[in-house]
Amino acid sequence: MFISTTKLLQAAAVVTVMGATAQAQETVKIGLILPMTGGQASTGKQIDNAVKLYMQQHGDTVAGKKIEIILKDDATVPDNTKRLAQELIVNDKVAIIAGFGVTPAALAAAPLATQAKVPEIVMAAGTSIITERSPYIVRTSFTLAQSSTIIADWAVKNGIRKVATLTSDYAPGNDALNFFKQNFTAGGGEVVEEVKVPLANPDFAPFLQRMKDAKPDAMFVFVPAGQGGNFMKQYAERGLDKVGIKVIGPGDVMDDDVLNGMGDAALGTVTAHLYSAAHPSAKNKEFVAAYRKAFSNRPGFMAVGGYDGIHLIYEALKKTGGKTDGDALVEAMKGMTWESPRGPISIDPETRDIVQNIYIRKVEKVDGELYNVEFATFEAVKDSGKTKK
């Protein structure tokens with residue numbers, strides 16, 4: 001009796017362990033590291049919302065595996081990002097880390113992705129070098145080079161000869177500035193004033209006075225998503241719109257998330273960017289309607305980066321049959337193409353970076369709301385930060 005009871009207990013233990021193992025294998029955990037607080041909180045909120053919306057629409061099971069999102073707030077502090085990524089990989093056993101609201105966050109996690117062979121899906125950060133820092137990084141957002149070169153070419157062709165620049169003083173701001181200057185000066189343009197502003201809680205007023213004093217035809221502006229509202233408020237207060245100094249730049253400054261609160265000072269602003277809530281495709285109209293219904297707000301380009309990021313993960317898992325081996329997942333993502341709310345996109349198999357249309361847009365009032373209305377399209381734009389190396 002004693003022996004048979006022992007054997008029964010052993011058998012029960014084996015069944016319990018097997019059951020737990022099977023359950024663990026049935027769940028794919030994704031660590032979503034985003035700035036949910038602090039100056040970039042709107043970025044985190046948009047991406048989190050978009051991931052939730054995608055999963056509501058497509059379910060939480062892929063290739064027989066249940067998807068579990070573990071959301072962590074790094075408040076855009078790179079040391080937090082690194083610690084959270086390590087905890088997610090080591091303690092939570094996530095198969096994928098994703099999100100990354102700013103470049104320093106994406107770079108902080110890169111060595112951990114390489115060491116653990118865990119894919120790092122960058123849904124927001126836009127500096128060119130990011131995908132070069134780990135063979136496990138794949139990006140669904142954008143690079144500043146994609147839009148900054150195109151707005152520079154447009155400015156020269158449209159009679160803008162003198163430009164003052166105002167950019168946030170960190171890697172994406174430097175990318176935006178350098179790629180803009182490269183094309184603008186090559187086309188015969190002149191940069192008459194150049195200022196860099198702090199990334200955290202900048203007061204734009206003194207810098208805007210320098211812009212005004214320089215009397216440029218236009219000012220090229222890069223500030224990260226979420227800061228455009230404050231910038232345009234101070235731009236109007238300083239009267240730059242009244243003296244005819246227009247804003248141009250990549251579209252971060254005119255993010256749909258905050259555009260409607262900017263007022264008429266934003267009217268006429270021309271930017272180059274990957275996405276507008278006014279993009280006229282049927283796919284985007286459905287996306288905007290669903291996002292508005294779920295979150296009572298219009299989606300911006302950060303939301304699209306998150307929506308496409310979770311789509312990429314789902315489709316890669318389908319390709320691998322639910323296997324979460326990092327090398328297999330990254331291989332499955334290379335060369336993938338699909339129709340996004342922003343238009344046709346793909347993952348460059350060589351660089352693991354996004355290839356996408358860039359649109360020239362102008363802020364106009366439509367049905368009483370401000371929108372970035374697209375009027376020109378540059379198709380299948382790669383990151384020129386890599387194509388020129």
Side-chain angles (χ1 to χ4, degrees), residues 28 30 47 50-51 54 58 62-63 65 94-100 103 106-107 109-150 171-172 175 179 273-275 283 301 304-359 377-389:
V28 176
I30 300 168
I47 293 173
V51 170
Y54 187 91
H58 297 86
V62 184
K65 301 291 182 78
V94 298
I96 296 163
I97 52 176
F100 308 101
T103 292
L107 297 180
L112 298 171
T114 303
Q115 188 178 2
K117 298 185 176 182
V118 167
E120 175 181 337
I121 310 305
V122 176
M123 298 173 170
T127 306
S128 180
I129 60 166
I130 288 173
T131 56
E132 297 173 338
R133 292 302 171 91
S134 170
Y136 293 90
I137 294 177
V138 183
R139 175 157 39 196
T140 60
S141 51
F142 60 96
T143 74
L144 270 306
Q146 287 175 315
S147 48
S148 297
T149 51
I150 284 171
D175 263 14
F179 285 107
H273 211 38
L274 59 114
Y275 176 71
K283 180 96 175 173
F301 69 100
V304 173
Y307 195 77
D308 287 327
I310 192 69
H311 174 84
L312 179 70
I313 292 168
Y314 270 48
E315 293 304 307
L317 284 167
K318 287 178 189 176
K319 276 190 176 184
T320 65
K323 292 178 182 175
T324 55
D325 172 74
D327 290 299
L329 283 171
V330 170
E331 200 58 37
M333 292 173 186
K334 290 178 180 178
M336 200 178 284
T337 64
W338 69 98
E339 179 72 20
S340 159
R342 68 183 102 175
I345 61 175
S346 65
I347 301 300
D348 187 324
E350 293 180 6
T351 66
R352 290 160 283 103
D353 223 331
I354 191 161
V355 180
Q356 61 190 331
N357 290 353
I358 297 295
Y359 307 94
T377 302
F378 293 78
E379 295 182 350
V381 179
K382 291 188 175 185
D383 173 32
S384 62
K386 297 184 184 72
T387 57
K388 291 182 179 177
K389 285 183 179 177

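What you see below is based on every heavy atom in this structure, not just the backbone, and it leaves out hydrogens, waters and symmetry mates.
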Quiz item: Can K382 and T351 be said to form a side-chain hydrogen bond (donor to acceptor under 3.5 Å, both in side chains), step by step?
Solution: CA-CA 10 Å; K382 291 188 175 185; T351 66; over 6 Å; no
Quiz item: Got a second to check how far D175's CG is from I130's CD1, nearest 0.5 Å?
Solution: 9.0 Å
Quiz item: What distance do R133 atom CZ and T127 atom OG1 have between them, rounded to the nearest 0.5 Å?
Solution: 9.5 Å
Practice problem: Rounded to the nearest 0.5 Å, what's the gap from OG1 on T103 to CG on L144? Could you check? | Solution: 8.0 Å
Quiz item: Taking T114 for the side chain and S134 for the main chain, is one N or O donor matched with an acceptor at less than 3.5 Å?
Solution: no
Self-check item: Passing option when N357 is tested against L274, V381, T377, I345 for side-chain contact (heavy atoms from CB on, under 4.5 Å)
Solution: T377
Quiz item: Do the non-hydrogen side-chain atoms of M123 and S141 ever get within less than 4.5 Å of each other?
Solution: no
Practice problem: Provide the full list of ring pair (Phe, Tyr, Trp, His ring centres under 6.0 Å) pairs with a residue in residues 115-138, sequence neighbours left out, each pair given once. | Solution: none
Quiz prompt | CG on D353 to CD1 on I347, rounded to 0.5 Å | solution = 7.5 Å
Quiz item: Do M336 and K319 have side-chain heavy atoms sitting under 4.5 Å apart?
Solution: yes
Self-check item: Under 3.5 Å donor-acceptor, T320 side chain and L317 backbone
Solution: yes
Quiz prompt | Whether Q146 side chain and I354 backbone form a donor-acceptor pair below 3.5 Å | solution = yes
Quiz prompt | Any I310 side-chain heavy atom under 4.5 Å of I30 side chain | solution = yes
Self-check item: Residues D308 and R342 bridged, charged N to O under 4.0 Å
Solution: yes
Exercise. Can you tell me which residue pairs pass the ring pair (Phe, Tyr, Trp, His ring centres under 6.0 Å) test with a partner in residues 312-347, sequence neighbours excluded?
Key: Y54-Y314, H311-W338
Quiz item: Can you check whether I137's main-chain N or O pairs, donor with acceptor, with T131's side chain at less than 3.5 Å?
Solution: no
